[in-house]
Amino acid sequence: MTNLRYPSDPAHPAAVTTHLSPSRSPSKAMPMPRRRDLLTHATAFLSLATLGVAGRANATPAAQAAPLAGADAAQFIRATGAEIVQVINGPDPEPVKTKAMQAIVDQRVDVAGIGKFCLGRFWRVASPAERAEYESLFRQVLVLNVTAKVGAYKGVAFAIGRAVPREEGVMVATTVTRPQNAPAEVDWLVREVGGAPRIIDVVAEGTSLRVTQRSDYASFLSRHDDNVAALISALKQQVAQAG
Amino acid sequence: MRAARKPPLIAPLIVPLAIAFLAGCATAPPASHKEARAAFEQTNDPLEPTNRVFYKVNDALDTAILRPVAVAYTHVVPAPAREGVHNILGNLATPVTLANDMLQGKSRRAGTTFMRFLINTTLGGLGTVDVARRLGYPAHDADFGETMAIWGIPEGPFLFLPVFGPSDPRDALGQGVDIAGDPLGWFGLGTAVTVLDWSRAGIGGIDARSQVLGELGPIKRTALDPYATFRSLYRQHRRAEIAKIQADHGHTVPAWFPAPAAQ
């Protein structure tokens with residue numbers, strides 16, 4: 001993990017310098033390791049799902065037109081993360097927390113943009129009605145995935161690391177810790193959408209939420225004659241089952 | 001594991017390949033359908049039909065055996081004891097990690113691994129307690145699949161191996177090399193050693209599975225195509241790990257030494 005500390009990064013003066021030295025899972029299990037890797041992904045994915053949320057418009061009034069500054073993106077994630085932690089660790093009953101998380105997703109995450117990304121090339125072939133239905137279902141599924149684990153994340157804490165400019169926005173590194181779990185590295189990709197910073201991806205332990213989701217949908221579609229309607233009915237089923 | 005002495009070690013590599021040839025490969029979309037063809041090539045999973053069979057087998061084994069055993073393990077064995085087991089297993093794996101750190105040309109990482117082994121084997125009571133982590137030597141992974149990646153060998157198509165799970169030719173070969181190269185597997189013959197080897201493998205599997213009891217289920221439940229989701233997660237995670245090693249320019253040169261030319 002020392003990579004986060006190596007000195008050759010003068011390129012990003014905006015970097016927030018809380019250095020992360022996440023003492024990684026002390027594991028190093030056995031050559032059963034494929035298994036263990038899987039696990040790591042799993043953990044990552046989860047943190048994603050649960051924390052893959054956020055966005056606070058009031059955090060920093062970012063300049064119009066100018067690309068989002070690293071410090072602003074970091075501040076945005078700091079504020080968003082604080083809010084999530086407050087909700088998860090708060091005393092409210094679960095339904096109230098679920099509502100609060102839902103509000104955070106809607107305010108801080110570019111749900112429509114992520115949804116479009118996840119549909120990939122099929123977005124163009126979908127009819128306007130299908131797009132609208134897909135967007136609404138995608139949001140519901142995302143919210144469900146995020147809120148489903150609120151209980152399990154009690155005691156969660158996070159620390160902000162570097163903010164590094166990327167092609168699509170600013171990647172803000174965080175280390176997420178929760179009791180009984182190895183610390184997880186979670187990176188947040190933030191971009192200005194409609195004049196305010198929004199989260200457009202969450203990358204946990206190297207696995208991107210939207211890339212993973214897109215390959216899931218793509219594979220599903222390729223096994224269902226590339227039929228977007230089939231995807232929509234599968235999503236409907238997911239929502240119904242969870243609901 | 002080295003537990004899987006010579007023949008079982010090779011089996012996971014050969015069996016899926018052999019079956020793949022018998023079972024046939026995935027059918028590529030026609031070249032006229034450019035986007036579908038591009039997507040197919042990007043997925044790079046020509047053995048998908050076979051891989052899916054093994055995914056199903058592994059999933060069934062997991063549901064029937066591994067997961068219940070891991071659940072029982074977490075119920076029966078108290079958390080501190082489990083952590084001790086986890087640490088011991090990690091410590092036993094450090095020789096292989098050290099060798100790979102060195103083969104990757106990462107002196108700082110190798111130094112960290114070496115110190116971890118020294119400290120944890122002694123102060124840490126034969127690895128039971130991860131003292132080194134608190135002393136500033138956090139654990140990291142290094143396997144021969146990653147080493148080959150650092151050497152520039154491509155990952156190749158996706159493979160889903162029986163028992164071992166998601167992989168690719170490079171990682172599968174790397175796994176075999178790590179097992180064969182584990183010094184703990186070199187000495188001693190006879191029943192006692194074999195029993196110990198297999199125990200380490202078995203406990204390693206249970207330990208690894210118990211680490212993600214709360215995680216795999218939700219992924220399987222929320223994915224429309226769990227196989228494709230695990231395939232994507234595996235590759236992304238491996239690539240990130242390799243990128244992390246490549247970006248690790250920590251060195252052991254003293255601070256007063258003129259900065260090295262690289263980066």
Side-chain angles (χ1 to χ4, degrees), chain A residues 1-8 21-46 49 120-121 141 144-145 148-149 152 180-182 203 205-208 211-220 222-223 226 231 234-235 238 241-242, chain B residues 1-2 35-36 39 79 86-87 89-90 93-94 97 108-109 130 133 138-141 143 161 164-167 171 175 178-179 200-201 204-205 207-209 211-212 214-216 218-219 222-225 227-234 236-241 243-244 247-250 263:
Chain A
M1 232 99 302
T2 30
N3 61 321
L4 288 167
R5 227 178 318 164
Y6 75 91
S8 67
S21 41
S23 36
R24 178 63 90 98
S25 77
S27 83
K28 175 94 11 107
M30 314 278 36
M32 229 10 218
R34 289 310 149 244
R35 196 31 101 171
R36 195 173 45 74
D37 284 342
L38 242 182
L39 324 182
T40 321
H41 310 156
T43 320
F45 190 72
L46 256 254
R121 64 192 169 95
V141 169
L144 278 174
N145 290 348
K149 295 292 281 183
Q180 314 290 323
N181 282 275
V203 181
E205 295 289 341
T207 55
S208 148
V211 169
T212 307
Q213 193 64 71
R214 182 165 69 172
S215 64
D216 183 32
Y217 289 173
S219 182
F220 178 90
S222 77
R223 293 164 73 77
D226 290 354
L231 177 68
L235 292 177
Q238 276 197 327
Q241 276 170 0
Chain B
M1 223 39 328
R2 143 201 28 34
E35 281 192 321
H86 184 77
N87 289 340
L89 291 167
T94 41
T97 306
R108 172 67 68 83
R109 286 165 77 91
D130 190 355
R133 182 166 59 92
H140 64 256
D141 288 326
D143 59 57
L161 303 178
F164 290 90
S167 191
D171 288 344
Q175 204 156 4
D178 283 334
I179 292 169
R200 179 180 160 201
D207 168 65
R209 186 62 180 89
Q211 303 274 320
V212 287
E215 326 289 10
L216 289 190
I219 293 183
T222 57
L224 293 179
D225 186 344
Y227 167 83
T229 299
F230 284 123
R231 178 176 65 198
S232 175
L233 287 171
Y234 175 76
Q236 288 185 61
H237 182 70
R238 287 297 281 177
R239 286 171 195 170
E241 291 288 298
K244 197 183 284 177
D248 189 342
H249 301 298
Q263 22 285 327

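Residue numbers start from 1 in every chain, and the chains themselves are labelled A, B, ... in the order their sequence lines are given, proteins ahead of strands.
The contact between A:R223 and chain B is made entirely by side chain atoms (from C-beta outward), counting heavy-atom distances below 4.5 Å. Proximity to chain A (any heavy atom under 4.5 Å) is restricted, for B:R231, to the side chain, taken from C-beta onward. With a 4.5 Å cut-off on non-hydrogen atoms, A:V141 does not touch chain B at all. Within the 4.5 angstrom heavy-atom criterion, atoms from both the backbone and the side chain of B:A223 approach chain A.
Ion pairing of B:E241 with B:K244 is present here, as a side-chain N (NZ or NE/NH1/NH2) and a carboxylate O approach within less than 4.0 Å.
Proximity of a side-chain donor or acceptor of B:D225 to a complementary backbone N or O of A:D216 within less than 3.5 Å is not detected. Here the side chain of A:S222 pairs a donor or acceptor atom with the backbone of A:S219 at under 3.5 angstrom.
In this model, a donor atom of one side chain and an acceptor atom of the other lie less than 3.5 Å apart for B:Q236 and A:T212.
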